[in-house]
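Structure record follows, encoded as C-alpha cells.
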Amino acid sequence: MTNYFDELMKDYRFREGFHTCINCGTCTAICPAAEFYCYDPRKIVTTVETRDDEKIEALLKSDTIWYCGECMSCVTRCPRKNGPGLVIMALRDLSIRTGFFTESEKGRQILPLTHALTGNILNYGYCVYPETFKWDDHKESGPVFKWHLEHIEQTMKRLGANYKGKGPGVLRKIPQESLDEIKAIFDVTGGTERIKQVEAASKKKAKEMGLTDEEYERRAFEYCSDKHFNK
Amino acid sequence: MIYEGKQKIWSDYQKEIPDDHWYYVRSCIRQNFFPASERMFTEITQKVLGKDVYETPYHTTCGGIAYHCDTIPQETVMTIVARQFALMTEAGYENYCPSCITSFGNYAETLETWREFPELEAKIRENLWKACKREFNKPKYLAHSSDLIYHWREEIRKRAKHLLINQETGEPLRIVEHIGCHYSKMFPHKGVGGAEYPYVLAGMVESWGGQVIDYPERRHCCGYGFRQYHAKANRGYSLSNTHKKFESMEPYKPDAIITNCPGCPYFLDRWQYVIAEQTGKTYGENGYGIPVFTYEEIAGLVLGYDPWDLGLQLHQVAVEPLLKKMGVEYDPKAKYLGLNKEDLMRPEMPNSIKCC
Ligand code: SF4
Ligand code: SF4
C-alpha cells in the first residue's frame with residue numbers, strides 16, 4: 001500500500017471532510033487540541049493536500065494525528081466545509097491498517113483503548129461499565145465515585161437503576177443473544193479483524209522495545225513524555 | 001440588525017419534534033455516572049406527562065465512544081446503528097430518541113452519510129442481514145432526549161413547584177448552558193437552534209425562570225476528547241479545556257451549569273474538584289464549586305422531586321448552594337442513605353472544595 005492519498009479517498013469521512021483549504025486558520029483558532037498540544041489542524045489538511053506519499057506516511061507515523069479530540073468544532077467553522085476532524089479520523093484508520101500507529105507514543109495508545117472499549121462492548125454491551133472502571137485509574141472521579149463503586153449494588157438500587165437485572169432500565173444485563181449479535185456484527189464488518197491487527201502490530205512493537213505485552217500496554221495507557229505540549 | 005440576523009439563523013434551525021410515541025435508547029456514560037437522570041427521563045415523560053416512550057432490553061451501546069476512540073471501523077459502528085434501527089422497526093416505532101449526544105451525533109452522521117452515499121447504506125443492510133438476519137426502516141424523526149424535554153418545557157413549567165429564581169432576591173438565577181459538541185457542530189440543522197445559537201437548553205432555562213449567561217468560551221468543548229480521557233496519559237487535555245471554560249465563565253458568576261451531554265456534566269463537575277485539589281481554586285461562592293446538572297436533574301428539581309431521588313448525591317461538586325437559592329427542601333442526613341434508609345457510610349470529603 002503506497003498510494004496513501006487514494007486509500008484515504010476510499011474513506012467516506014475523508015470524502016466528506018476534505019476539500020480545498022484556503023489556509024485561513026479558523027480551525028486551528030477554535031481547536032481545543034491546538035490549545036493544548038503542538039497541533040495545527042490546518043497543517044494536517046494542507047499536508048494531505050500535497051498528495052505527497054512521503055509526507056502522508058510521516059503523518060501516519062507521527063503523534064500529531066492522535067492529538068485531535070474529535071469534537072468536530074472545526075466542521076462547524078470551516079468556511080470551505082472542510083472537516084479536519086474527519087480527515088483525522090481517516091488518517092487514524094489508515095495508520096492502524098498500515099501498522100504505523102505503533103511508531104508513535106500516542107498511536108500506541110490504540111492497544112489499551114481497543115482492549116477497554118471493545119472489551120466492554122463485547123462482554124457487557126456497553127462502552128463503559130462499572131466493573132471495568134477501576135477507581136485507581138480514575139482518581140479524578142473523586143471520593144464520591146469511590147464510595148459509589150464500593151456500594152454499587154445498593155446505590156444503583158437507591159437510584160432506581162436495574163443494575164444487572166432482567167428487562168429494561170438503567171444498566172440492565174444485556175441479554176446474551178444481543179451480545180451474540182454484536183459479536184457477529186464485529187465478525188462481519190471487520191471489527192474483530194481490527195482488534196487482531198492492533199494486537200499483532202503491538203506485540204511486534206513490544207518485542208522491539210524490549211517490553212512484555214503487559215508492560216507495553218500499561219506504558220501506552222499512562223506514560224506521557226513532555227514533547228507534546230505547547231510551551 | 002444583528003439581532004435580526006440571529007433571529008434568521010434561529011428560524012433556519014427550527015426542528016420538527018413529534019409530540020408522542022418515541023423509541024428510547026440509553027447512554028453508556030449516563031447509565032454509569034448519572035443513573036438517576038435516565039430514570040427521571042422515563043418518569044417525567046411517561047408518568048408526569050403521560051407520553052408513550054418505549055424501551056427494549058435488547059438494545060445495546062451504539063458503539064459511538066469506541067468509534068471516536070478509533071477502535072472500531074466505520075462499518076462496524078454503522079451496522080450496530082442499523083441493528084438499533086431494526087429493533088425500533090420491530091417494535092413499531094418511527095421516532096428515535098437517544099439519550100446520549102455521542103449517539104445522537106453517531107445516528108445523525110450515519111443517516112447523513114447514507115443519504116449522500118446510498119451504496120454504503122446498501123452495504124450496511126447486507127452486513128446486518130448477514131450478522132443478525134434483521135432488516136430496518138430508518139427513523140422518520142431523530143431527536144435527542146433533551147430535544148423532547150425542550151419540546152415539553154412549558155408542560156413542565158405548568159407543573160412547577162420551584163423555579164430558577166433566587167428565593168431571597170427574587171432575581172432569575174444565572175445559568176450557564178453547555179451543549180455537547182456532537183449535538184449540532186457536525187450537522188447544525190439536526191439541533192434546535194443550530195450550532196452557533198443552540199436553544200435547546202437556553203429554552204428550558206428561560207421557561208423555568210432562569211437567565212442564560214453568555215460568555216466567551218460558551219461553545220468551547222468540555223475537553224472530553226474521547227481518547228483524551230480514556231487513555232490516562234492524555235487527561236491533561238481534558239482538564240485544561242474544562243479549566244479554560246471555568247476561567248472564562250467565572251467573572252459572570254453563574255449559579256449553576258446545565259448540560260445535555262453525558263460526558264460534559266461529569267467533566268465539568270469532576271475537573272472542578274481536581275482543579276481545587278491541585279491549586280486550591282474554586283469557582284463558586286464561599287469555597288464551593290459551581291454545581292453542574294443534567295437537564296433531567298433541573299427538570300426534576302423544578303417539578304419538586306427530592307434531590308436525592310434525582311441522584312444529586314453522586315456529584316462531587318456540592319449541589320446544596322443551588323437547592324438553597326431555589327428554595328428546595330432537602331434532608332442533609334438522607335443524602336448518602338441507601339434504599340429503606342440503609343446506612344452506606346459516606347464518601348470521604350475532599351480537602352479544598354467545600355462539600356456537604
Ligand atoms: S475535531 Fe479535532 S481538529 Fe477539529 S476542532 Fe476538534 S480537536 Fe480540533
Ligand atoms: S478552517 Fe477550513 S479552510 Fe480554514 S484552514 Fe482550516 S481547513 Fe483550511
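Protein chains get the first letters and strands the later ones, always in sequence-line order, with residue 1 at the start of each. Reckoned from all heavy atoms, side chains included, excluding hydrogens, waters and symmetry mates.
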(request) Look at the aromatic rings of B/Y336 and A/W147 and report parallel, tilted or perpendicular, splitting at 30° and 60°. (result)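 The arrangement is perpendicular - the two ring planes meet at more than 60°.
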(message) If I compare all heavy atoms of A/V128 with all of B/H230, which pair ends up nearest, and what's the gap?
(response)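 A/V128 and B/H230 have their closest heavy atoms at CG2-CE1, 4.2 Å.
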Toward chain A, the part of [X] with a non-hydrogen atom under 4.5 Å:
{"X": "B/W271", "answer": "side chain"}
{"X": "B/C221", "answer": "side chain"}
{"X": "B/R134", "answer": "side chain"}
{"X": "B/Y237", "answer": "both"}

(message) For B/F33 and A/F133: C-alpha separation, side-chain torsions, deciding distance, then whether ring-ring contact (aromatic ring centres under 6.0 Å, His included) applies.
(response) CA-CA 11 Å; B/F33 297 106; A/F133 189 90; 5.3 Å; yes
(request) Would you mind telling me which of A/P168, A/C224, A/A184 has the largest number of heavy-atom pairs within less than 4.5 Å of chain B? (result) A/P168
(request) Write out all pairs satisfying ring pair (Phe, Tyr, Trp, His ring centres under 6.0 Å) with one or both partners inside residues 77-126 of chain A, taking only residues at least two apart or from two chains. (result) A/Y124-A/Y129, A/Y126-A/Y129
(message) Show, in sequence, the C-alpha distance, side-chain angles and deciding distance for A/F36 and B/H243, and conclude whether the ring-ring contact (aromatic ring centres under 6.0 Å, His included) test is met.
(response) CA-CA 12 Å; A/F36 184 63; B/H243 179 253; over 10 Å; no
Around atom [atom1] of [X], are there more than 12 heavy atoms of other residues, nucleotides or ligands at under 6.0 Å?
{"X": "B/E348", "atom1": "CD", "answer": "no"}
{"X": "B/K123", "atom1": "NZ", "answer": "no"}
{"X": "B/K335", "atom1": "NZ", "answer": "yes"}

(message) Apply side-chain contact (heavy atoms from CB on, under 4.5 Å) to residues B/R219 and A/R77 and explain how you reach the verdict.
(response) CA-CA 12 Å; B/R219 294 273 79 84; A/R77 299 276 171 81; 4.0 Å; yes
(message) Between B/D70 and A/R92 (side chain of the first, backbone of the second, donor and acceptor by atom type, cut-off under 3.5 Å), is there such a pair?
(response)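 Here the side-chain-to-backbone pair does not exist.
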